[in-house]
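See structure below.
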Amino acid sequence: MLAWYAEHARDLPWRRPGPPEKRAWPVLVSEVMLQQTPVARVEPVWRAWLHRWPEPAALAAEPAGEAVRAWGRLGYPRRALRLHAAAGAVVERHGGRVPSDQAELRALPGVGAYTAAAVGAFAFDQRVAVVDTNVRRVLARTVQGKAQPAPALTAAETALAVAVLPEAPSDDPVLPARWSVAVMELGALVCTARAPRCGACPVVDLCAWQRAGAPPDDGPARRGQAWHGTDRQVRGRLLALLREAPGPLDAAALSVAWDDDAQRERCLASLVTDGLVVPAEGGWALPG
DNA sequence: AAGCCGTGGCG
DNA sequence: TCGCCAAGGCT
């Protein structure tokens with residue numbers, strides 16, 4: 001696995017070498033952006049963010065609306081709000097430095113079990129189990145012999161990820177962190193959800209799923225998320241208008257986002273509740 | 001603890 | 001075409 005990673009790892013900008021205290025902020029930003037969003041879409045936005053806000057204090061000094069606008073079309077814009085709030089917390093509680101402690105990371109807005117582990121491993125080289133959808137899929141196949149992991153993360157999966165996490169040899173303390181990123185990368189590039197490239201897999205010979213003849217998923221059918229006509233679609237349209245506008249938009253300007261008045265107004269109210277939109281002189285705007 | 005929360009590319 | 005899926009978190 002490690003040899004495969006050494007040869008095939010993508011050259012992603014947030015992976016560039018450097019001291020942990022320099023990597024932590026870029027890694028944190030990348031990890032939040034990568035929550036449910038593909039690498040290709042994240043990369044240009046990440047570059048713009050890091051250029052504009054090279055450290056947490058720079059972001060914290062600006063209004064949350066700037067973070068939302070710079071988020072662009074990455075989706076789930078509450079992440080932008082949380083990242084802005086996390087920057088503020090880093091400044092207030094940690095002197096402007098992203099903490100390395102797992103509990104302190106978890107206490108930051110938008111940082112859950114995965115992201116805290118990812119920052120710990122990828123920025124601070126910690127030996128922590130990083131369990132994302134890629135890792136879950138790789139372990140489900142190679143160890144559990146299943147086509148797909150369970151719909152939701154289970155305690156057993158976390159325990160399995162901990163169990164397979166290698167110990168650090170005395171001459172290579174970073175090996176466990178490298179293992180974590182290697183498993184993720186394998187899931188992203190080879191052991192993919194749709195059409196896994198098992199012919200290119202370095203561990204195909206010991207993969208339980210392959211040995212079992214690659215049986216199809218036997219779990220319950222996954223519930224696809226509805227989209228058309230949902231509040232998410234309406235909220236997305238409203239926020240897209242506000243992102244592009246230089247200033248506040250009035251009710252008439254926002255009405256083009258959606259025909260159904262009641263649903264549109266409900267969604268606008270929910271955006272206000274979330275803090276993504278604020279009432280402003282002459283209508284509504286991103287939080288200034 | 002299910003359900004909600006964006007967006008766009010791909011098979 | 002259209003459902004699936006992409007480095008989850010929060011309530």
Side-chain angles (χ1 to χ4, degrees), chain A residues 5 9-10 12-15 26-46 68 71-83 85-86 105-123 128-138 147-155 157-158 161 177 180-189 191-197 217 220-243 257-258 266-267 270-271 273-277:
Chain A
Y5 180 75
R10 289 168 292 180
L12 301 174
W14 45 86
R15 286 179 179 167
V27 167
L28 175 59
V29 173
S30 78
E31 291 302 338
V32 174
M33 288 183 171
L34 287 163
Q35 292 168 4
Q36 305 285 281
T37 304
V39 166
R41 210 174 307 161
V42 163
E43 195 166 337
V45 179
W46 180 90
V68 174
W71 195 253
R73 307 185 68 80
L74 288 184
Y76 293 142
R78 289 189 293 188
R79 291 182 293 164
L81 229 42
R82 295 184 187 131
L83 199 42
L105 283 166
R106 284 291 302 269
L108 298 175
V111 177
Y114 163 75
T115 303
V119 172
F122 306 152
V128 288
V130 180
V131 189
D132 78 323
T133 188
N134 290 302
V135 172
R136 295 181 62 216
R137 190 173 53 250
V138 170
Q148 301 289 347
L153 177 64
T154 65
E157 288 180 272
T158 301
S180 294
V181 73
V183 177
M184 274 187 62
E185 192 78 337
L186 188 75
L189 298 181
C191 194
T192 55
R194 304 261 188 100
R197 302 168 50 221
D217 185 26
R222 294 175 180 270
R223 308 293 297 178
Q225 292 183 336
W227 171 246
H228 293 286
T230 62
D231 285 2
R232 294 162 66 201
Q233 184 180 19
V234 179
R235 285 166 54 104
R237 288 193 180 184
L238 287 168
L239 205 57
L241 287 173
L242 289 164
R243 265 200 318 265
W258 198 253
R266 180 178 75 240
C267 288
S270 76
L271 288 169
T273 297
D274 287 348
L276 283 163
V277 174

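Every chain is numbered from 1, with letters handed out A, B, ... down the list of sequences.
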Side chain A:T37 and base B:dG8 donor-acceptor under 3.5 Å: no
Would you indicate, yes or no, if C:dG8 has its OP1 or OP2 atom less than 4.0 angstrom from a side-chain nitrogen or oxygen of A:Q36? yes
Can you see if the side chain of A:R235 gets near the phosphate of B:dG6 - specifically, an N or O under 4.0 Å from OP1 or OP2? yes
Here the distance between atom C1' of B:dC5 and atom OH of A:Y76, to the nearest Å, is 5 Å
Quick one: does any side-chain atom of A:R82 pair with a main-chain N or O of A:V32 as donor and acceptor, under 3.5 Å? no
Students often get this wrong, so: under 4.0 angstrom with heavy atoms, is A:L81 touching a base, only sugar-phosphate, or nothing? nothing
Measure from CH2 on A:W46 to P on C:dA6 and round the result to the nearest Å. 23 Å
If I compare all heavy atoms of A:A177 with all of A:A121, which pair ends up nearest, and what's the gap? CB-O, 3.4 Å
Roughly, in whole Å, what's the span from CZ in A:R82 to C1' in C:dG8? 9 Å
Base, sugar-phosphate alone, or nothing: which one does A:D274 contact when heavy atoms must sit under 4.0 Å apart? nothing
Take atom P in B:dG6 and the same atom in C:dT11, then report the distance between them in whole Å. 14 Å
Taking for each residue the nucleotide of DNA chain B with the nearest heavy atom, is it A:T230 or A:R73 whose nucleotide lies nearer the 5' end? A:T230
How long is the line joining CG of A:L74 and P of C:dA6, in whole Å? 17 Å
Protein-nucleotide distance (A:L276, atom CG; B:dC5, atom P), rounded to Å: 12 Å
Indicate whether OP1 or OP2 belonging to B:dT7 is found under 4.0 Å from a side-chain N or O atom of A:R78. no
B:dC5 to C:dC5 separation - C1' atoms, rounded to the nearest Å: 16 Å
Using a 4.0 Å heavy-atom cut-off, does A:V135 contact any base of the nucleic acid, only the sugar-phosphate backbone, or nothing at all? nothing
Integer angstrom distance from the P of C:dC4 to that of B:dG3: 16 Å
Side-chain donor or acceptor of A:R136 under 3.5 Å from a matching atom on the base of C:dA6? no
To the nearest Å, give me how far apart CD (A:Q225) and P (B:dA2) are. 15 Å
Does A:W71 reach a base, just sugar-phosphate, or nothing at all? Heavy atoms under 4.0 Å. nothing
At their closest point, which heavy atom of A:N134 faces which heavy atom of A:A188, and how far apart are they? OD1-N, 3.4 Å
Taking every heavy atom of A:W46 against every heavy atom of A:P13, the minimum-distance pair comes out as CZ3-CB, 3.4 Å
Polar contact flag, side-chain donor to acceptor under 3.5 angstrom, A:Q225-A:R232: yes
A:E157: partners by side chain to side chain donor-acceptor pair (under 3.5 Å), with sequence neighbours left out: A:R136, A:T154
Euclidean distance, atom CZ of residue A:R223 to atom P of B:dA1 [Å, nearest integer]: 19 Å
Which residue lies toward the 5' end of DNA chain C, A:R79 or A:R222, if each is placed at its nearest nucleotide? A:R222
Would you mind checking if A:R15 and A:E185 are paired as a salt bridge, meaning a charged N to carboxylate O distance below 4.0 Å? yes
Separation of A:W14 CH2 from A:M33 CE (nearest 0.5 Å): 9.0 Å
Base C:dC4 to side chain A:R194, donor-acceptor N/O within 3.5 Å cut-off: yes
Assess whether side chain to side chain donor-acceptor pair (under 3.5 Å) is satisfied between A:Q35 and A:Y114, documenting all intermediate values. CA-CA 9 Å; A:Q35 292 168 4; A:Y114 163 75; over 6 Å; no
For A:W227 and B:dG8, give me the distance from atom CH2 to atom P, rounded to whole Å. 9 Å
For a quick check of understanding: with a heavy-atom distance under 4.0 Å over all strands, which category does A:T133 fall into, base, sugar-phosphate or nothing? sugar-phosphate
For atom C1', what is the distance between B:dA2 and C:dA7, given to the nearest Å? 23 Å
By a strict heavy-atom criterion of less than 4.0 Å, which residues belonging to residues 106-120 of chain A are in contact with DNA chain B? none
